[in-house]
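Report on the following structure.
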Amino acid sequence: MKIVSIVGARPQFIKAATVSRKLRANPSIRELLLHTGQHYDENMSDVFFRELNIPQPDFNLGIGSGSHAVQTGLMLQGIETVLLREKPDMTLVYGDTNSTLAGALASTKLHIPVAHIESGLRSFNRRMPEEINRIVTDRISDILFAPTQTAVHNLDHEGLVNNTCFSGDVMYDSVLYYQSRLLNDPDQYQTPCIPEKYLLATIHRAENTDDLSNLKRIFSAFSRLPFEIVLPIHPRTKKILTGTIEIPSRVHIIEPVGYLQMLKLTFDSLKVLTDSGGLQKEAYFIGKQCITLRTETEWIETLHDNWNIVTGTDPDLIVKAVNMATPDAPRKKDFGDGHSADIIEKKLLSL
Ligand code: UD1
Ligand code: UDP
């Protein structure tokens, strides 16, 4: 079976690391990796390939940044050229970025079946570009790998249950796999603040970066918090922040870090504040309370017992949430058993 896996953005490299490792261990599968080039900075792309031993991409389209239409259009052209040449039996797309949408659309128009990993997520907020990407990708994909039962339910609601396979979450597989590497090498990754005394924050969503008032409200909340805050900054946020908002002295802005350093920062943090989808889940897997700087979350399983608190950008709500007691209720096993990649591999081979 010849598979072309399509990636382009940071969270997709992390997901692909786990799935690719599994697929490439099977002699009856030949996987080719196509990188659209959506993310291209060393610390947004190369670091993940190097650190997570992801095979070098067989194709890098080098598309880079642009408006949604320009970026997606260029990807469609580039992906189509590769698929026409390689004629794979199937393509694999991940998550909800423009690379996901372009990969699924280019493939299905060539009658090449598409498998979508992390399918069925819905925020029910169509102003999010990711929500459009998810809805369209799920509608045109042939196999929908759902990470949670909520995702299965969403797909069922949209009449897509016959294409759905509950796989669990490959990001849970990743945390389990790589945390043992961290434990084996405790001195390699350091945290810049005293463990358990700092908050870990990330911000990159369009709603929080393109709307300066939202970004200002987040930083206003940060200035009221009695904790050091470590903030690995996404390049999108860095561009907007520079010169527009005064950074409180307790906020330590650092360049984006590799996945293992990020896991270490999460393990050592007191709590996590984020608008990232992936980091909300990692906080939950690792047992850190998350404050979600959005008005809704797709990962509703993480909300029980206040493990995840959705505050949006209201400074009062953010401060209140950070001051809440850290939960001690057990976390549920809603994201599979850490063997999602095995389930995906088996299902693909059964087709
Ligand atoms: C994209 C995804 C988002 C995902 C995020 C993961 C879409 C619509 N959005 O958002 O779902 O959560 O990736 O991080 O696909 N930039 C750089 N260097 C880079 C990459 C980006 O400087 O290596 C800057 C550019 O100014 C660019 C901006 O960041 O215009 C936004 O990048 P883009 O890939 O369009 O979207 P993200 O915000 O990264
Ligand atoms: N991440 C990372 N370095 C960073 C920030 C995030 O490795 O500096 C990881 C994070 O641990 C998670 C993934 O990137 O695994 C989440 O990606 P991101 O927040 O960019 O996108 P989203 O998940 O919101 O689509």
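Every number for a ligand or one of its atoms is a count from 1 in the order of the listing.
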Minimum-distance protein heavy atom relative to atom 4 (C) of ligand 1: His204 NE2, 3.8 Å
Check: His35/Ser45 side-chain N/O donor and acceptor closer than 3.5 Å: yes
Contact check, Gln261 vs ligand 2, heavy-atom distance below 4.0 Å: no
Electrostatic pair Arg224:Asp316 at N-O distance under 4.0 angstrom: yes
Check: Gly278 N/O within less than 3.5 Å of ligand 2 N/O: yes
Side chain, backbone, both or neither: the part of Val257 lying under 4.0 Å from ligand 2 by heavy atom: both
For ligand 2, the portion of Pro232 having any non-hydrogen atom under 4.0 Å away: side chain
Arg205 touching ligand 1 at heavy-atom level, < 4.0 angstrom: yes
Glu130 near ligand 2 by a heavy-atom separation under 4.0 Å: no
Nearest neighbour in protein (non-hydrogen) for atom 24 (C) of ligand 1: Lys239 NZ, 3.7 Å
Polar contact flag for Gln38 and ligand 1 (N/O pairs, less than 3.5 Å): yes
Atom 28 (C) of ligand 1: the protein heavy-atom neighbour that sits closest, reported with distance to 0.1 Å: Arg236 CB, 3.9 Å
